[in-house]
Every structure is written in C-alpha cells, then in structure tokens.
Amino acid sequence: QVQLVESGGGLVQAGDSLRLSCAASGRTFSNYAMGWFRQAPGKEREFVAAISRQYFSTYYADSVKGRFTISRDNAKNTVYLQMNILKPEDTAVYYCAATSGSAGTRYLNSYDYWGQGTQVTVSS
C-alpha cells in the first residue's frame, strides 16, 4: 500500500502561484510514477501532469502546459506541482496519484493509489 497526502491548496487570486505537495508513505516511492489530477464541481476528474519514476520525464495537459511544473524528490518521498499564472478555471480539488508503471500517464485507471485531495480556488 502507498498512502498519499496532498497539501498546499488554498484561495488565491488570478495570476497568483501555489505549490502543491504530495507526501507518500508505505512502499518505495521511487518505484512509482506519479500524477496530478483535478476535479471541478460537476465535472469529471481530469489529468493535469505526470512524472516518471526513474528519469523524471514529465507530461502535461495542454491546459496547464507552460504554467504548471511537476517535480519529485525521491529522497523526501514527495511530488510537487508548482502552479503559476493561475486562472479561475483552475479551481478544483487536486489529487495526486501513484502508478507502478514506469512512466506517468493521463489515464485515471492506470493509477493504483490516490490521495484525498486538496482544494484550490482561484478568484477572478
């Protein structure tokens, strides 16, 4: 089992930045590729970003490319999502997820473990 705990969400204004963190415990963190997803009210959960487990290759949704950066620190068992130039449409609950696959993926069903989520609200 892998336990994931997100933090860093909050209420910000459009144009501001936030950094989300996801702390992992349980099994060896470096054995998992990691992803961030988000879910806005009334919408399906959608892919945001992913990072591979070994070479730290990254992959982004088009809607956040150039504004968000995913990174990981295997020594701290933590994955991050740096979010810049936030927009009201970024408002959602953000979830981190872990997959035993070597590379991150945009497909929800590929992930084995999920955190409880952290709320991000961007006011206009």
Side-chain angles (χ1 to χ4, degrees):
Q1 287 280 5
V2 175
Q3 291 77 43
L4 302 172
V5 179
E6 302 93 338
S7 62
L11 172 62
V12 297
Q13 293 186 333
D16 286 349
S17 298
L18 273 178
R19 188 176 80 156
L20 305 183
S21 300
C22 173
S25 60
R27 295 186 177 176
T28 304
F29 179 67
S30 58
N31 287 345
Y32 294 86
M34 301 296 295
W36 283 97
F37 292 77
R38 66 187 181 186
Q39 188 166 18
K43 295 188 177 182
E44 294 185 351
R45 194 170 298 189
E46 65 174 5
F47 169 75
V48 175
I51 187 166
S52 67
R53 65 186 183 189
Q54 186 174 7
Y55 297 110
F56 294 15
S57 299
T58 57
Y59 178 37
Y60 297 94
D62 288 343
S63 59
V64 305
K65 201 173 295 183
R67 299 188 298 122
F68 290 12
T69 302
I70 187 172
S71 61
R72 65 189 295 163
D73 185 337
N74 285 351
K76 294 183 178 180
N77 293 346
T78 301
V79 61
Y80 304 97
L81 185 68
Q82 177 67 43
M83 306 186 294
N84 298 328
I85 318 175
L86 282 161
K87 303 176 181 180
E89 51 264 43
D90 295 319
T91 295
V93 177
Y94 283 71
Y95 299 89
C96 71
T99 173
S100 55
S102 60
T105 170
R106 64 169 51 245
Y107 299 107
L108 278 72
N109 291 340
S110 297
Y111 289 84
D112 305 297
Y113 304 101
W114 292 83
Q116 293 301 306
T118 185
Q119 176 71 47
V120 172
T121 303
V122 185
S123 64
S124 58

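Positions are given from 1, in the same order as the sequence printed here.
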Hydrophobic cluster membership, W36 vs L108, 4.5 Å side-chain cutoff: no

Approximate separation, where rounding is to 0.5 Å, of E46 CD and S63 OG: 5.5 Å

side-chain contact (heavy atoms from CB on, under 4.5 Å) between R53 and N74, intermediate numbers included: CA-CA 9 Å; R53 65 186 183 189; N74 285 351; over 6 Å; no

Same cluster (ILVMFWY, side-chain, under 4.5 Å), Y60 and Y111: no

T78 side chain vs K76 backbone, donor-acceptor pair below 3.5 Å: yes

In one Ile/Leu/Val/Met/Phe/Trp/Tyr side-chain cluster, 4.5 Å: M83, V48: yes

Spatial distance of atom OG1 (T118) from atom CG (L81) [nearest 0.5 Å]: 11.0 Å

side-chain hydrogen bond (donor to acceptor under 3.5 Å, both in side chains) involving D90 - partner list, sequence neighbours excluded: R38, R67

List the atom pairs, donor and acceptor, that lie under 3.5 Å between side-chain atoms in residues 98-105 and the rest of the protein, sequence neighbours left out.
| from | atom 1 | to | atom 2 | distance (Å) |
| --- | --- | --- | --- | --- |
| T99 | OG1 | G101 | N | 3.2 |
| T99 | OG1 | S110 | O | 2.9 |
| S100 | OG | D112 | OD2 | 3.3 |
| T105 | OG1 | Y107 | N | 3.2 |

Counterpart residues, side-chain hydrogen bond (donor to acceptor under 3.5 Å, both in side chains), relative to Q54 (two or more places apart): none

Side-chain touch N77/R72, heavy atoms, less than 4.5 angstrom: no

T91 side chain to E89 side chain, donor-acceptor N/O pair below 3.5 angstrom: no

Q39 side chain vs A92 backbone, donor-acceptor pair below 3.5 Å: no

Mutual orientation of the aromatic rings belonging to Y59 and F47 [parallel < 30°, tilted 30-60°, perpendicular > 60°]: tilted

Within one Ile-Leu-Val-Met-Phe-Trp-Tyr cluster: I70 and F56, side-chain cutoff 4.5 Å: yes

For F29, ring-ring contact (aromatic ring centres under 6.0 Å, His included) partners two or more places apart: none

Where P88 and S124 come nearest, the two heavy atoms and their spacing: CG-CB, 3.8 Å

4.5 Å side-chain heavy-atom contact, E44 and F37: no

Pairwise ring-ring contact (aromatic ring centres under 6.0 Å, His included) hits with a residue in residues 62-100, at least two apart: none

Show which side-chain atoms of residues 8-27 pair as donor or acceptor with protein atoms under 3.5 Å away, not counting sequence neighbours.
| from | atom 1 | to | atom 2 | distance (Å) |
| --- | --- | --- | --- | --- |
| D16 | OD2 | Q13 | N | 3.1 |
| S17 | OG | N84 | OD1 | 2.9 |
| S25 | OG | Q3 | OE1 | 3.4 |

In one Ile/Leu/Val/Met/Phe/Trp/Tyr side-chain cluster, 4.5 Å: V122, V64: yes

Atom pair CD1/OG of I51 and S71 - distance to nearest 0.5 Å: 6.0 Å

